[in-house]
Asks: 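Just dropping this structure here.
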Amino acid sequence: MQALRNKGINPYPYRFDKTHSSTDIINCFENLSVEGTKVKFAGRILSIRGHGKTMFAHLGDYSGKLQIYARKDDLGDKWEFFKLIDIGDFIGVEGEVFKTKTGEVTIRVESALMLAKSLRPLPEKWHGLQDKELRYRRRYLDLIANPELKELFIKRSQIIKELRNFLDERGFIEVETPVLQPIYGGAAARPFVTHHNTLDIDMYLRIADELYLKRLIIGGFEKVYEIAKDFRNEGMDKLHNPEFTMLEFYWVYADYNDLMDLLEEMFGQLVEAVSGSVRIPYGEHTIDFSRPFIRVPYFKSIAEACGHDIIGLDESELLKLAEKLGLDTEGLINKGDYYEAFFDHYVEPHLIQPTFLVDFPIELSPLAKVHRDDPRLAERFELFVAGIEFGNAFTELNDPHDQRRRMEQQATLVKRGHQEAHPVDEDFIFALEHGMPPTAGYGLGIDRLVMLLTNMPSIRDVIFFPTLKPED
RNA sequence: GGGGGUGUAGCUCAGUGGUAGAGCAUCUGCCUUUUAAGCAGGUGGUCGAAGGUUCGAUCCCUUCCACCCUCACCA
């Protein structure tokens with residue numbers, strides 16, 4: 001660094017006129033290798049092979065990497081520059097393109113410029129960065145050392161773009177709703193609490209967009225969607241990060257049957273666009289997104305898996321059966337809890353191929369409309385793939401009296417110790433009282449979707465900066 | 001929260017109750033088509049933290065911290 005300054009070299013200049021990317025130069029070699037044609041190229045030094053009065057190095061840029069070749073004969077006084085460069089520095093070079101004896105496309109450097117000096121060494125060149133903690137904490141180094149990671153995150157971006165295209169083409173409008181909310185709702189989860197100083201009130205980071213998007217439906221929007229972060233103050237594991245990206249969309253005059261048709265189309269198009277096939281590997285499985293997906297009722301799936309139809313049972317019968325079957329019944333305090341215990345144990349892990357699980361128990365679905373044929377059920381489904389939930393959908397509850405009743409039942413659960421149940425949202429019910437048309441709504445965790453389409457086992461692998469405890 | 005694992009140089013990893021090791025990176029020298037370049041020499045460590053046992057602890061014991069796996073929780 002001091003040596004650079006002593007030679008009058010600015011280690012952090014302001015700009016560089018790069019004419020080509022590394023892949024440009026490699027792909028257009030025939031055109032560029034004409035004598036007298038010069039290119040200007042810039043990148044980070046990834047490796048150096050010095051040979052006395054000559055030197056090879058690889059420069060990496062966003063599109064790939066390219067070799068440069070510098071000779072003292074060619075450079076004269078400028079050769080001194082190459083004694084001051086290190087792996088990790090950004091430099092810019094100008095020169096003609098040629099192929100070495102071994103056939104590698106290379107720039108023969110005629111002039112070179114320091115663009116940004118690196119003061120710390122990069123991770124080791126052939127083992128890369130292995131330590132998972134360091135990979136998450138210093139993702140920039142992970143991206144440098146493990147280039148395939150960059151491809152994964154480009155794919156993530158592509159996935160989100162495809163979802164937007166799909167919805168935009170069908171007339172959905174992308175909207176933004178509050179992250180900071182005076183009352184949380186739209187999902188069953190514990191929120192993050194924060195404080196607004198001027199108003200002197202506690203506020204919550206949203207756990208879902210749902211109730212605000214429905215207000216927009218009441219206001220006259222007919223197709224809306226939002227892709228944004230939600231926050232849930234809960235445990236972390238390979239499927240859960242405290243902040244995560246959610247897609248929610250609402251479609252007026254449609255019901256959950258229409259939604260299933262639309263989602264089959266959406267997933268089919270998305271998977272094909274991103275993976276080039278409707279059949280994709282995930283872990284040990286091959287997932288087939290051909291239409292139609294399996295559709296199976298919630299209670300039927302449990303009955304088939306454990307041999308007992310539990311829909312008509314009361315709490316004590318459920319307890320008796322659960323104990324007989326050896327389920328862990330600790331902490332289960334209502335029918336909904338028992339249903340979930342049966343479902344989680346017997347059904348969820350076995351839903352490998354895309355499956356719509358339809359008609360959830362009404363107790364578990366406080367924002368979904370009661371089933372048109374069976375008052376014990378809600379018009380709600382979840383999509384499962386590879387044993388993982390990929391979204392939750394309802395025919396939305398638009399009867400304000402029923403909505404109030406259902407929210408009050410949830411509020412009772414809060415008092416009984418269910419920290420994840422909903423509080424009553426009077427402002428939302430007030431809005432519903434002005435009339436919400438029949439509507440179908442769907443929410444999807446984008447991070448899990450990216451896991452599925454990139455065949456990664458942990459949500460942390462598809463989030464640039466997953467939540468970690470601070471160091472020290 | 002329970003169980004299991006990991007933590008040693010910037011990075012990837014060995015190792016031992018008695019002065020701390022390798023490769024890469026870094027520094028010095030030699031080397032004009034190399035590519036895991038090569039050769040010679042050098043620098044670099046609170047062995048995750050704190051206590052304890054011991055003449056002596058990176059190693060054995062206890063507690064703590066971080067991360068990973070797993071179970072529970074989280075529809």
Asks: Taking only residues two or more places apart in sequence, or in another chain, which ones meet A:Lys369 in a salt bridge (charged side-chain N to carboxylate O under 4.0 Å, His left out)?
Replies: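 A:Lys369 satisfies salt bridge (charged side-chain N to carboxylate O under 4.0 Å, His left out) with no residue once adjacent residues are dropped.
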
Asks: Could you check A:Asp314 against A:Lys335 for side-chain contact (heavy atoms from CB on, under 4.5 Å), going step by step and ending with a plain yes or no?
Replies: CA-CA 7 Å; A:Asp314 64 25; A:Lys335 279 165 79 172; 5.7 Å; no

Asks: For the side-chain contact (heavy atoms from CB on, under 4.5 Å) test, which of A:Val358, A:Thr395, A:Leu364 pairs with A:Arg380?
Replies: A:Leu364

Asks: What interatomic distance, in whole Å, is found between C1' of B:U54 and the corresponding atom of B:A66?
Replies: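 So the two C1' atoms sit 29 Å from each other.
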
Asks: Please classify the nucleic acid contact of A:Gln130 as base, sugar-phosphate, or nothing, using heavy-atom distances under 4.0 Å.
Replies: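 Counting heavy atoms under 4.0 Å across all strands, the contact made by A:Gln130 is with sugar-phosphate only.
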
Asks: Please state the C1' separation for the pair B:G44 and B:A25 - nearest whole angstrom.
Replies: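 Going atom to atom, C1' in each nucleotide, I get 11 Å.
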
Asks: For B:G10 versus B:U53, give the span between their C1' atoms, rounded off to a whole number of Å.
Replies: 35 Å

Asks: Closer to the 5' end of RNA chain B via nearest nucleotide, is it A:Arg460 or A:Gly128?
Replies: A:Gly128

Asks: Looking at residues 344-378 of chain A, who's got a heavy atom less than 4.0 Å off RNA chain B?
Replies: A:Asp344, A:Leu364

Asks: B:U33 and B:G38: how far apart are their C1' atoms, nearest whole angstrom?
Replies: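 Roughly 15 Å separates the two C1' atoms.
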
Asks: Could you encode protein contacts along nucleotides 40-46 of chain B as a string, one character per nucleotide from 5' to 3', using B for base contact, S for sugar-phosphate-only contact and - for no contact, with a heavy-atom cut-off of under 4.0 Å?
Replies: -------

Asks: On a whole-Å scale, what distance lies between the P atoms belonging to B:C71 and B:C39?
Replies: 48 Å

Asks: Tell whether A:Glu124 reaches the base of B:G10 with its side chain through a donor-acceptor pair below 3.5 angstrom.
Replies: no

Asks: Looking at B:A75, B:C27, B:C68, which one has an atom nearest to any side-chain atom of A:Asp86?
Replies: B:C27

Asks: Heavy-atom contacts under 4.0 Å between residues 229-251 of chain A and RNA chain B, which residues?
Replies: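 Hits under 4.0 Å, by residue number: A:Glu234, A:Asp237, A:Lys238, A:His240.
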
Asks: Apply side-chain contact (heavy atoms from CB on, under 4.5 Å) to residues A:Val347 and A:Tyr298 and explain how you reach the verdict.
Replies: CA-CA 9 Å; A:Val347 181; A:Tyr298 186 94; over 6 Å; no

Asks: Go through the steps to decide whether A:Tyr339 and A:Asp344 satisfy the test side chain to side chain donor-acceptor pair (under 3.5 Å), and finish with yes or no.
Replies: CA-CA 9 Å; A:Tyr339 296 151; A:Asp344 292 348; over 6 Å; no

Asks: Under 4.0 Å, heavy atoms only, any strand: does A:Lys125 hit a base, just the sugar-phosphate, or nothing?
Replies: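 The residue A:Lys125 makes sugar-phosphate contact but no base contact.
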
Asks: Between B:G3 and B:A72, how far apart are the P atoms? Round to whole Å, please.
Replies: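 After rounding to an integer number of Å, I get 16 Å for this pair.
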
Asks: Let's test your reading of the pairing rules: Watson-Crick or G-U wobble, both distances under 3.5 Å, then write RNA chain B as a dot-bracket string with ( ), [ ], | and dots.
Replies: (((((((..((((....[..)))).(((((.......))))).....(((((..]....))))))))))))....

Asks: Name the closest nucleotide to the A:Lys132 side chain, picking from B:G10, B:C68, B:U33.
Replies: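 Looking only at heavy atoms from C-beta outward on A:Lys132, the closest nucleotide is B:C68.
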
Asks: The test is salt bridge (Lys or Arg N to Asp or Glu O under 4.0 Å); show your working for A:Arg295 and A:Glu264 and say whether it passes.
Replies: CA-CA 11 Å; A:Arg295 299 185 186 189; A:Glu264 284 178 350; 3.4 Å; yes

Asks: Heavy atoms under 4.0 Å, any strand shown: does A:Leu141 hit a base, just sugar-phosphate, or nothing?
Replies: nothing

Asks: Can you tell me how far C1' of B:U12 sits from CZ of A:Arg135, to the nearest Å?
Replies: 14 Å

Asks: Please identify each residue that fulfils salt bridge (charged side-chain N to carboxylate O under 4.0 Å, His left out) with A:Arg372, with sequence neighbours left out.
Replies: A:Asp255, A:Glu379

Asks: With heavy atoms under 4.0 Å as the rule, sort A:Phe384 into base, sugar-phosphate or nothing.
Replies: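 Result for A:Phe384 = nothing.
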
Asks: Determine, using ring centers only, whether A:Phe343 and A:Phe384 are less than 6.0 Å apart.
Replies: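 Centroid distance A:Phe384-A:Phe343: below 6.0 Å, so yes.
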
Asks: Would you mind listing every salt bridge (Lys or Arg N to Asp or Glu O under 4.0 Å) that reaches into residues 89-108 of chain A, with sequence neighbours excluded?
Replies: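 Listed by first then second residue: A:Asp74-A:Arg108, A:Asp89-A:Lys117.
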
Asks: Between B:U46 and B:C59, how many Å separate the two P atoms, rounded to a whole number?
Replies: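 Those two atoms are separated by 15 Å.
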
Asks: Apply salt bridge (charged side-chain N to carboxylate O under 4.0 Å, His left out) to A:Arg404 and list each qualifying residue two or more places apart in sequence or on a separate chain.
Replies: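 If we apply the salt bridge (charged side-chain N to carboxylate O under 4.0 Å, His left out) test to A:Arg404, skipping adjacent residues, the hits are A:Glu408, A:Glu426.
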
Asks: Check step by step if side-chain contact (heavy atoms from CB on, under 4.5 Å) holds for A:Leu468 and A:Arg137.
Replies: CA-CA 8 Å; A:Leu468 298 172; A:Arg137 285 192 196 281; 3.4 Å; yes

Asks: Taking salt bridge (charged side-chain N to carboxylate O under 4.0 Å, His left out) as the test, write out the residues that go with A:Asp73, two or more places apart.
Replies: A:Arg71

Asks: Looking only at N and O atoms, is any donor in the side chain of A:Arg120 or the base of B:A25 less than 3.5 Å from an acceptor on the other one?
Replies: no

Asks: Answer yes if the side chains of A:Thr177 and A:Arg206 hold a donor-acceptor pair under 3.5 Å, and no otherwise.
Replies: yes

Asks: Any cation-pi pair here, A:Arg215 with A:Tyr212, using under 6.0 Å and within 45°?
Replies: yes

Asks: Distance check needed: B:A75 P versus A:Arg448 CZ, whole Å only.
Replies: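 The distance from CZ of A:Arg448 to P of B:A75 comes to 10 Å, rounded to the nearest Å.
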
Asks: Please step through side-chain contact (heavy atoms from CB on, under 4.5 Å) for the pair A:Tyr62 and A:Lys150, ending with a clear verdict.
Replies: CA-CA 9 Å; A:Tyr62 178 73; A:Lys150 202 169 62 186; 4.2 Å; yes

Asks: For B:C47 versus B:U19, give the span between their C1' atoms, rounded off to a whole number of Å.
Replies: 14 Å

Asks: For A:Leu319, give me all partners under side chain to side chain contact (heavy atoms under 4.5 Å, CB included), at least two apart in sequence or on another chain.
Replies: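 Side chain to side chain contact (heavy atoms under 4.5 Å, CB included) check on A:Leu319 returns A:Glu323, A:Thr329, A:Tyr338.
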
Asks: Under the side chain to side chain contact (heavy atoms under 4.5 Å, CB included) rule, collect the residues that match up with A:Pro349, sequence neighbours excluded.
Replies: none

Asks: Does OP1 or OP2 of B:U34 have a side-chain N or O of A:Arg71 closer than 4.0 Å?
Replies: no

Asks: If the threshold is 4.0 Å, N to carboxylate O, is there a salt bridge linking A:Lys320 and A:Glu317?
Replies: no

Asks: Which residues, if any, of residues 49-68 of chain A bring a heavy atom under 4.0 Å of RNA chain B?
Replies: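 Contacting residues: A:Arg49, A:Gly50, A:His51, A:Gly52, A:Lys53, A:Thr54, A:Phe56, A:His58, A:Gln67.
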
Asks: Looking at A:Lys469, does any N or O in its side chain come under 4.0 Å of the phosphate oxygens OP1/OP2 on B:A66?
Replies: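 So the side chain of A:Lys469 is within the cut-off, an N or O lying under 4.0 Å from OP1 or OP2 of B:A66.
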
